Amino acid sequence: MTPEQVKLVQDSFKQVVPIADTAANLFYDRLFTIAPELRSLFPDDLTEQKKKLIQMLATAITNLHQAEKILPAVEDLGRRHVAYGVTAQHYAPVGAALLWTLEQGLGAAFTPPVKDAWTETYTLVAGVMQNAAATTAAPKTKQGLMARLFS
Ligand code: HEM
């Protein structure tokens, strides 16, 4: 990512912050429309989840220019996602829902360079999470337990 792209992401994120609650609602509605199979991974009540997602995005984006500082936290996040039942294939619909939400929230400010910069950011963060997940021992997921009980 170039320093210009980091700035594009940071500046456009500032425009989303005032409408963060609406954006979070839009994001999950969109995600469960394009990938309804993911709904069951999340708790029924998404209130806390929405807050955590925005906080995490804010932390990641504020520190994008010093990526090495957030790397361990992003790796940990990726490992925790294994335990949530998240697999590598799930990252694509989440990325698509995120970009779609930004497009709704930013309108005309979601220019092609802004879109490219966000695509690159998500690809980077998701890549680090997936890499860390791939090097994690088999999770104690519900599915894993069932497989062991009934194999
Ligand atoms: C850049 C990508 C992502 C970011 C920044 C992110 C961020 C977060 C954060 C901050 C949490 C709160 C819990 C914690 O810190 O461990 C969380 C939980 C969770 N995330 Fe993600 N996530 C990402 C990708 C995904 C993907 C691809 C899925 C797939 C559906 C997913 C599904 C979940 C689920 C199921 C939970 C736990 C919900 C619960 O049981 O409370 N996340 N995520």
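All ligand and atom numbering here is 1-based and tracks the order in the structure. Note that the coordinates shown come from a computational prediction; the quantities given were computed from them, not determined experimentally. Worth knowing before you read on, the calculation uses all heavy atoms, side chains too, and leaves out hydrogens, waters and symmetry mates.
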Pairs of nitrogen or oxygen atoms closer than 3.5 Å, one from Lys52 and one from ligand 1: do any exist?
no

Taking distance alone, with N or O pairs closer than 3.5 Å, would you say His90 contacts ligand 1?
no

Number the atoms of ligand 1 from 1 as they appear, then name those within less than 4.0 Å of a heavy atom of Arg80, with their elements.
14 (C), 15 (O), 16 (O)

Check each of Arg79, His81, Gln55, Glu37 against atom 31 (C) of ligand 1 and report the one with the nearest heavy atom.
His81

Glu4/Lys7 ion pair, N-O < 4.0 Å
no

Closest by any non-hydrogen atom to atom 33 (C) of ligand 1: pick that one out of Phe32, Tyr122, Phe42.
Phe42

A student checking ligand 1 against Val86 at a 4.0 Å heavy-atom cut-off should list atoms 26 (C), 28 (C), 29 (C), 31 (C), 32 (C)

Which ligand 1 atoms are under 4.0 Å away from a heavy-atom of Val125?
1 (C)

Sort out for me which residue in Leu8, Leu106, Leu57 forms a side chain to side chain contact (heavy atoms under 4.5 Å, CB included) with Phe13.
Leu57

Contact atoms of ligand 1, heavy-atom distance to Pro43 under 4.0 Å
38 (C), 39 (C), 40 (O), 41 (O)

Does Tyr84 form a ring pair (Phe, Tyr, Trp, His ring centres under 6.0 Å) with Phe42? I'd like the steps, not just the answer.
CA-CA 8 Å; Tyr84 302 147; Phe42 292 87; 8.7 Å; no

Numbering as shown, the atoms of ligand 1 that approach Met56 to under 4.0 Å (heavy-atom distance)
5 (C), 10 (C)

Atoms in ligand 1 with a heavy atom of Met129 nearer than 4.0 Å
1 (C), 2 (C), 3 (C), 23 (C)

Hey, are the side chains of Leu102 and Ser12 touching, using non-hydrogen atoms and a 4.5 Å cut-off?
no

Taking 4.0 Å as the limit for heavy-atom contacts, which would you say applies to Leu41 with ligand 1: side chain only, backbone only, both, or neither?
both

With a 3.5 Å distance limit and no angle check, can you tell me whether Arg39 reaches the backbone of Asp44 through a side-chain donor-acceptor pair?
yes

If we set the cut-off at 4.0 Å for heavy atoms, which region of Leu77 has an atom near ligand 1: side chain, backbone, both, or neither?
side chain

